[in-house]
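Take a look at the structure set out below.
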4 protein chains.
Amino acid sequence: MPKLGMEPIRRAALVKATIDEIGAAGSLDVTVSQIAKRAGVSSALAHHYFGGKEQIFLAAMRHVLAVYAAEVRGALGMAQTPRARIEAIVKAGFGSSNFRREVVASWLNFYVLAQVSDEARRLLNVYQGRLHSNLVYNLRPLVGDRSDDVANHLGALIDGIYLREALGTQVPNGKKATRQVLAAFELELGTQA
Amino acid sequence: MPKLGMEPIRRAALVKATIDEIGAAGSLDVTVSQIAKRAGVSSALAHHYFGGKEQIFLAAMRHVLAVYAAEVRGALGMAQTPRARIEAIVKAGFGSSNFRREVVASWLNFYVLAQVSDEARRLLNVYQGRLHSNLVYNLRPLVGDRSDDVANHLGALIDGIYLREALGTQVPNGKKATRQVLAAFELELGTQA
Amino acid sequence: MPKLGMEPIRRAALVKATIDEIGAAGSLDVTVSQIAKRAGVSSALAHHYFGGKEQIFLAAMRHVLAVYAAEVRGALGMAQTPRARIEAIVKAGFGSSNFRREVVASWLNFYVLAQVSDEARRLLNVYQGRLHSNLVYNLRPLVGDRSDDVANHLGALIDGIYLREALGTQVPNGKKATRQVLAAFELELGTQA
Amino acid sequence: MPKLGMEPIRRAALVKATIDEIGAAGSLDVTVSQIAKRAGVSSALAHHYFGGKEQIFLAAMRHVLAVYAAEVRGALGMAQTPRARIEAIVKAGFGSSNFRREVVASWLNFYVLAQVSDEARRLLNVYQGRLHSNLVYNLRPLVGDRSDDVANHLGALIDGIYLREALGTQVPNGKKATRQVLAAFELELGTQA
DNA sequence: AATGAATGAGGATTCATTCAT
DNA sequence: GATGAATGAATCCTCATTCAT
């Protein structure tokens, strides 16, 4: 029983299904049919709405990045001091939702996609740029001129620790990850005195 | 006219071809035929020697990790002090050979593979463990008890910076990357005083 | 906001769009969606009006034949003598409108369709029969008993020359084509003397 | 049980199957799978040897044209005088083999293909050029300067009559077709006197 | 040791057609 | 009267893999 205005609903369902399917496979080796079936529609419809497989992936990537950005924004909103905001950004990155199978898989595969797809690389750089800006802005009152360098340090450290936690043999430990980054942060602050 | 003792030569050629092909594609979406053609043999031979596609990938992964390990070993051999050895390890990771298209592609794709393939994850953990040991061992004289934490800090930072350089919009800059990690190292040393 | 009496307008638009689309593709490999989009309606409507793809094609074929028949009729109306009427028929066949991309494509594809579709073959034979009758009728005063043979000669020659002009490497030249057929006509007349 | 040197055998079988399949369908709406099945191989093999559907069609077209050319050559070889050679060319064109379902279908569809595919148009023009040369050459001793015009007349007439016989309601009649063209030939000769 | 031959399984994509609104 | 929604069935093409030689 076809209704009107189904498009946004279907698109959302397909994006969700794509992320889940990538999570289940661990890679982008996912067929449009699998995605469509998980979303409860035909593969033809997926093509109808997105135009092709690559665009489905990009939509999924956009979604993951948007969710992450929203989490960071939410965390920032509650923090009052620069220092608290830095901590909020770090914590947000290591929230348990970011260690869910499908989110990890999405990130890793987006890294791969970014090598080849201009649009994917662009999206990734936008996200990294925003994170960097946030850090720089809040670091300025604390470390002044060094805020750019420190932001690079913390930003890269977040990525590196995320990678290790995500691919380690043990269950990812967000708390420990957060602690590690904040320790580096304290270190940088200590040099100010 | 088949020669004797061709096996190791063929295997090496196929591994090399696999890495190059992954580099050219940016992903593991490479066909055995492409690999075989690049190696100058038939695809049937590739199967004959490796048994299947996954095993070809694992052999390639082993090769990349081995080359990296050799570079580190080589760099360590020339360094006399713990501090020099730490620096050598960092520098080795950011040598220009590690930023070659195909090496970057290999690493990123091995991360992806590691989610799914037990053998791949094992290989990755072995490499990370060895790197960690090296760091811990050489950090001990410098930071004592904290050597494990510091090694985690530096190890993750190396990975994170590598990722950002590899996927940035600019040409990767190994010198800058090295400087960034060593700055963090100095920071950690500074706390000793 | 549907209007009343839209049906004939829609049908005409769809027939026109079909012919144009066949012209653009050069073949019957055109989708109902393409046709419908060109006509500015939904593909569902095209089905609604015509019942299916084949019927859309047949309607287009009928249209092309009807236009051609009308051109011939128009030309005949102005000619006063049998000889002038023969010339008019020939000229009408090689008018520039008949060498438009989409008209050529229509004819060639109708030949193909005529092998398979009974209705298409019937339409084609009706057209050929009418042309033949016209020729025979007007040839009678000029060549008497031989009018049937001469009509076959001229009719086939028209088709053959049309084919060659339409598919040649050069831009079709209706004047030259006309001259060639009329030369054959004169030849046939000459034998009377 | 794979043998060596199968390629030419498979190619020939696939070309034959293509022509037959086009004949059965009456159009180029034939799937690679149908063709392959008729040739007794997998569709994958068809792609392997030809690269794609269009190339299969072109190979089939080349074959049909080559067969026709061979028939003309054969007929020409036995004729001693220019006049006999003209007659041989005409007769060859209307031999019963050329009215076989699949040959007719091939020709009609190649006309269609020639509008779109450069290679197809080229092939068709080569064939027409060769026919024309043959006619011109043998007409020269008979009609002198007019040989080019007469060749055009006869060539186009052959095509036109072929078309009408092939698409008529009655069984094609090669004898009658031949007679018709030769009558036009006599007409042209008569003007010489 | 090495390969040409061959294929089954699948995968992205297209499309005519249907249907509820 | 008209359409957006939806799909089943195909179609081209690819590819890992097998096998006889």
Side-chain angles (χ1 to χ4, degrees), chain A residues 1-7 9-10 29-37 40-56, chain B residues 1-7 9-10 29-36 39-56, chain C residues 1-7 9-10 29-36 39-56, chain D residues 1-7 9-10 29-37 40-56:
Chain A
M1 51 205 110
K3 303 265 176 59
L4 262 69
M6 290 268 75
E7 175 155 358
I9 298 170
R10 295 307 191 198
D29 264 323
V30 182
T31 73
V32 175
S33 293
Q34 285 165 1
I35 292 171
K37 174 177 282 187
V41 299
S42 70
S43 71
L45 195 67
H47 278 93
H48 178 63
Y49 281 130
F50 287 91
K53 202 187 187 184
E54 168 142 11
Q55 277 140 302
I56 298 179
Chain B
M1 51 210 105
K3 307 264 175 56
L4 287 162
M6 290 304 285
E7 174 153 357
I9 297 172
R10 297 304 196 196
D29 265 325
V30 290
T31 73
V32 174
S33 293
Q34 285 165 0
I35 292 170
V41 300
S42 71
S43 70
L45 195 65
H47 276 89
H48 179 64
Y49 279 135
F50 288 90
K53 203 188 187 183
E54 167 140 13
Q55 278 135 304
I56 298 179
Chain C
M1 49 215 109
K3 306 262 175 57
L4 288 162
M6 291 303 286
E7 173 153 358
I9 298 173
R10 298 302 196 197
D29 266 324
V30 289
T31 73
V32 175
S33 293
Q34 284 165 0
I35 292 171
V41 300
S42 72
S43 70
L45 194 64
H47 275 89
H48 180 64
Y49 278 136
F50 289 91
K53 203 187 187 185
E54 166 141 14
Q55 279 134 303
I56 298 179
Chain D
M1 53 207 107
K3 304 265 176 54
L4 262 69
M6 289 266 77
E7 175 156 356
I9 297 171
R10 296 308 191 197
D29 264 324
V30 184
T31 73
V32 176
S33 292
Q34 284 165 2
I35 293 171
K37 173 177 282 186
V41 300
S42 71
S43 69
L45 196 67
H47 278 96
H48 179 64
Y49 280 132
F50 286 92
K53 203 187 186 183
E54 167 141 13
Q55 276 139 301
I56 298 179

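Proteins get letters first, then strands, A, B, ... in listed order; numbering begins at 1 in each.
Atom CD1 in C:Ile35 sits roughly 14 Å away from atom C1' in E:dT17 (whole-Å rounding). The distance between atom CD of D:Gln55 and atom P of F:dC13, rounded to the nearest whole Å, is 9 Å. Distance CG (A:Asp29) to C1' (E:dG10): 12 Å, rounded to an integer number of Å. Rounded to whole Å, the distance from CD1 on D:Ile9 to P on E:dA5 is 10 Å. Residue D:Glu7 contributes atom CD, which lies 10 Å from atom C1' of E:dA5 at whole-angstrom precision. Look at NZ on D:Lys37: it is 12 Å from P on F:dA10, rounded to the nearest Å. Summarising the geometry, the separation between CG on D:Leu4 and P on E:dT3 is reported as 12 Å, rounded to the nearest angstrom. In this structure, CG of D:Leu45 is placed 8 Å from C1' of E:dT7, rounded to the nearest angstrom.
Within the nucleic acid shown, D:Phe50 has no heavy atom closer than 4.0 Å to any nucleic acid atom.
OP1 and OP2 of E:dG4 both lie 4.0 Å or more from every side-chain N or O belonging to D:Arg10. Checking the phosphate oxygens (OP1, OP2) of E:dA1, a side-chain nitrogen or oxygen of B:His48 falls inside 4.0 Å.
Between D:Ser33 and B:Thr31, the residue whose closest nucleotide on DNA chain F is further toward the 5' end is D:Ser33. The residue among D:Gly40 and A:Ala44 whose nearest nucleotide of DNA chain E is located toward the 5' end is D:Gly40. Nearest-nucleotide mapping onto DNA chain E: of A:Ser43 and B:Ser42, the residue sitting toward the 5' end is B:Ser42.
For A:Met6, counting side-chain heavy atoms from C-beta on, the closest listed nucleotide (F:dA6, F:dA2, E:dA1) is F:dA6.
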